[in-house]
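Notes to accompany the following structure.
Predicted, not measured: the structure shown is a model, and the values here were computed from it. The analysis underlying the following values was restricted to heavy atoms, covering all of them including side chains, and did not include hydrogens, waters or symmetry mates.
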Amino acid sequence: MEKRKNNWPILGFGCMRFPTKNGRIDLRETERELAYAIRHGVNYLDTAYVYKGSEKALGVLLAKNNWREKVVVATKLPHYLIHSVEGAQKIFSEQLSRLHTDYIDNYLMHMLPDVQVWNRLVHMGILEWLLKKKAMGQIRRIGFSYHGNSRQFMELLDAFDWDFCQVQYNYMDEYSQAGRAGVEYAAKKGIPVVIMEPLRGGRLVNGLPIKAREIFKRAKPRRSPAEWAFRWLWNQPGVSVVLSGMNSMEMLKENIRIAQSVRVGELTKKDNILFEKVRQAVNEKIKVACTGCGYCQPCPAGVDIPGVFRCYNVSYTDHYLTGMREYLMCTTMRAHPTNASLCKKCGKCEKHCPQGIPIRKELGKVVRHMEHPIYKAAAFVSKRMFR
């Protein structure tokens, strides 16, 4: 597998969505998949303090299999949860304990939004603390993850001598988020770029509208939508690592196969026209650009915001009845319903949404589109039947 900046593999293992069983991380299956990944050169492992159970599970498996020196561990400081250097130190110590290690290879400021927030952290003493940790060898590289526009991203890149950065980037976000302009600016500065959400939380595979799927299906050579999406990223020299939340062995093997066969600059003019057609097809259908990251959760009123938006989008990209069936099953049929009409419009979710989605407004649209009298009747009958 090709390696680019810092000798990192071009495919990284995103640890936010480890395989689960009965609502918990399935350690046995996770171990099997990580072992296969590491054997095949996928040794960049990305987790975070706020990924429920992820750091702890990863740490257990690193210690059990003596993998620590074979991998690059990236994790993140939730700066939005701290108010002092002491608070940062407490979280960092907990992370070291969870991960069964005495150092972090890549330490990121999680979801750093702009220079103003970074300056506040510097004033708080976080930069001095980070540099001291780096000098002690407890942190090898300092970076940040980012969701926002390219202008603010480039301002952040200029605000400090970062060792790397991490951004949301895919063929649908070429001119949004940090975008191509941001990725190329980072590359020009010699800063490695790690990519998250290469498939928009799976929407660029399972959530593609029929028209977009048909465009890929007719394309030559024959490739899956996921393979096209990955090749679009790896075609660009400024992309160092692409993270994938590979929670099945099938997905893992397929992604490794693709990563082992790509090269920079392989896409043709015809391929780029293909992506433009797919973008147009997707934009015709998708109503809410939610990636399902879950940063808006938990909702104080109990709304499953990512789940609601997924079903809402399915009702447009696939079929209305498909979306309605999933909406009933995934929100309404629960012991504690999580449907859109529970929203109290408090706005807490919008403060944490990386995509800047006006969630309250969009939830209102979901209610009007999905929760009509027929839905209410179906919900009533279904609940009685299942009870």
Give a yes or no on whether the backbone of [Y] and the side-chain of [X] come within a donor-acceptor separation of less than 3.5 Å.
{"X": "Asn235", "Y": "Trp232", "result": "no"}
{"X": "Arg17", "Y": "Met246", "result": "no"}
{"X": "Thr20", "Y": "Gly23", "result": "no"}
{"X": "Ser97", "Y": "Ser93", "result": "no"}
{"X": "Ser145", "Y": "Met111", "result": "yes"}
{"X": "Glu197", "Y": "Val167", "result": "no"}
{"X": "Thr338", "Y": "Gly302", "result": "no"}
{"X": "Asn313", "Y": "Val288", "result": "yes"}
{"X": "Glu55", "Y": "Tyr51", "result": "no"}
{"X": "Arg4", "Y": "Ile10", "result": "no"}

Open item on the list: What verdict does the side chain to side chain contact (heavy atoms under 4.5 Å, CB included) test give for Leu321 and Arg325, after you've listed the backbone C-alpha separation in whole Å, the side-chain angles of each residue and the deciding distance to 0.1 Å?
Closed with: CA-CA 6 Å; Leu321 292 179; Arg325 182 179 67 249; 5.6 Å; no

- [ ] Could you pull out all residues at least two apart from Lys134 that satisfy salt bridge (Lys or Arg N to Asp or Glu O under 4.0 Å)?
- [x] Asp163

Ionic contact status for [Y] with [X], cut-off 4.0 Å:
{"X": "Asp105", "Y": "Arg68", "result": "yes"}
{"X": "Arg257", "Y": "Glu227", "result": "yes"}
{"X": "Glu214", "Y": "Lys211", "result": "no"}
{"X": "Glu29", "Y": "Lys21", "result": "no"}
{"X": "Arg28", "Y": "Glu31", "result": "no"}
{"X": "Lys188", "Y": "Glu184", "result": "no"}
{"X": "Glu155", "Y": "Arg151", "result": "yes"}

Which heavy atom in [X] sits nearest to a heavy atom in [Y], and how many Å separate them?
{"X": "Gln355", "Y": "Ala289", "value": "CG-O, 3.7 Å"}
{"X": "Pro113", "Y": "Tyr146", "value": "O-CE1, 3.3 Å"}
{"X": "Ala259", "Y": "Met1", "value": "CB-CE, 3.9 Å"}
{"X": "Ala88", "Y": "Ile126", "value": "CB-CD1, 3.7 Å"}

Open item on the list: Just to verify, what does Thr30 make a side-chain hydrogen bond (donor to acceptor under 3.5 Å, both in side chains) with, not counting sequence neighbours?
Closed with: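 side-chain hydrogen bond (donor to acceptor under 3.5 Å, both in side chains) check on Thr30 returns nothing, list empty.
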
TODO: Taking side-chain hydrogen bond (donor to acceptor under 3.5 Å, both in side chains) as the test, write out the residues that go with Tyr103, two or more places apart.
DONE: Glu69

Measure the shortest side-chain to side-chain distance between [X] and [Y] over non-hydrogen atoms and say whether it is less than 4.5 angstrom.
{"X": "Trp234", "Y": "Glu266", "answer": "no"}
{"X": "Val303", "Y": "Ile359", "answer": "no"}
{"X": "Trp8", "Y": "Pro192", "answer": "yes"}
{"X": "Gln236", "Y": "Tyr169", "answer": "yes"}
{"X": "Asn255", "Y": "Val42", "answer": "no"}
{"X": "Ser261", "Y": "Arg231", "answer": "yes"}
{"X": "Val73", "Y": "Trp67", "answer": "no"}
{"X": "Met16", "Y": "Met196", "answer": "no"}

Task: Aromatic ring proximity Trp129/Phe92, centre distance under 6.0 Å - done: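 Yes: the rings meet the under 6.0 Å criterion.
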
Task: NZ or CZ of Lys365 within 45° of Tyr312 ring axis and under 6.0 Å - done: no

- [ ] Taking the six-membered ring of Phe230 (Phe, Tyr or Trp), confirm whether the NZ or CZ of Arg223 is under 6.0 Å from its centre and within 45° of its axis.
- [x]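 No - Arg223 does not lie over the ring of Phe230 by the 6.0 Å and 45° rule.
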
Task: Tyr320 and His369 aromatic ring geometry - parallel, tilted or perpendicular at 30°/60° bounds - done: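 Correct class here is perpendicular.
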
- [ ] Classify the ring geometry between Trp118 and Phe160 as parallel (under 30°), tilted (30 to 60°) or perpendicular (over 60°).
- [x]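 Ring orientation of Trp118 relative to Phe160: tilted.
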
Task: Stepwise side chain to side chain contact (heavy atoms under 4.5 Å, CB included) test for Glu350 and Arg360 - done: CA-CA 8 Å; Glu350 294 177 6; Arg360 290 172 289 181; 3.0 Å; yes

TODO: Show your working on side chain to side chain contact (heavy atoms under 4.5 Å, CB included) between Trp162 and Ile142 and close with a plain yes or no.
DONE: CA-CA 6 Å; Trp162 303 99; Ile142 301 170; 4.0 Å; yes

Decide if atom [atom1] of [X] counts as having more than 12 heavy atoms of other residues, nucleotides or ligands within a radius under 6.0 Å.
{"X": "Glu94", "atom1": "CD", "value": "yes"}
{"X": "Lys133", "atom1": "NZ", "value": "yes"}
{"X": "Lys52", "atom1": "NZ", "value": "no"}

Under 3.5 Å side-chain donor-acceptor pair for [X] and [Y]:
{"X": "Glu326", "Y": "Thr322", "value": "no"}
{"X": "Tyr80", "Y": "His110", "value": "yes"}
{"X": "Thr332", "Y": "Tyr375", "value": "yes"}
{"X": "Ser54", "Y": "Arg98", "value": "no"}
{"X": "Gln138", "Y": "Tyr107", "value": "no"}

- [ ] Take Leu127 and Leu121 through the side chain to side chain contact (heavy atoms under 4.5 Å, CB included) test and state the conclusion after the steps.
- [x] CA-CA 7 Å; Leu127 177 56; Leu121 293 170; over 6 Å; no

- [ ] Is it possible for you to say whether Ile38 and Leu11 belong to one hydrophobic cluster, with membership spreading through side-chain heavy-atom contacts below 4.5 Å?
- [x] yes

Task: Joint cluster assignment, Phe309 & Val205, ILVMFWY side-chain distance < 4.5 Å - done: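 In one cluster with Phe309: Val205, no.
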
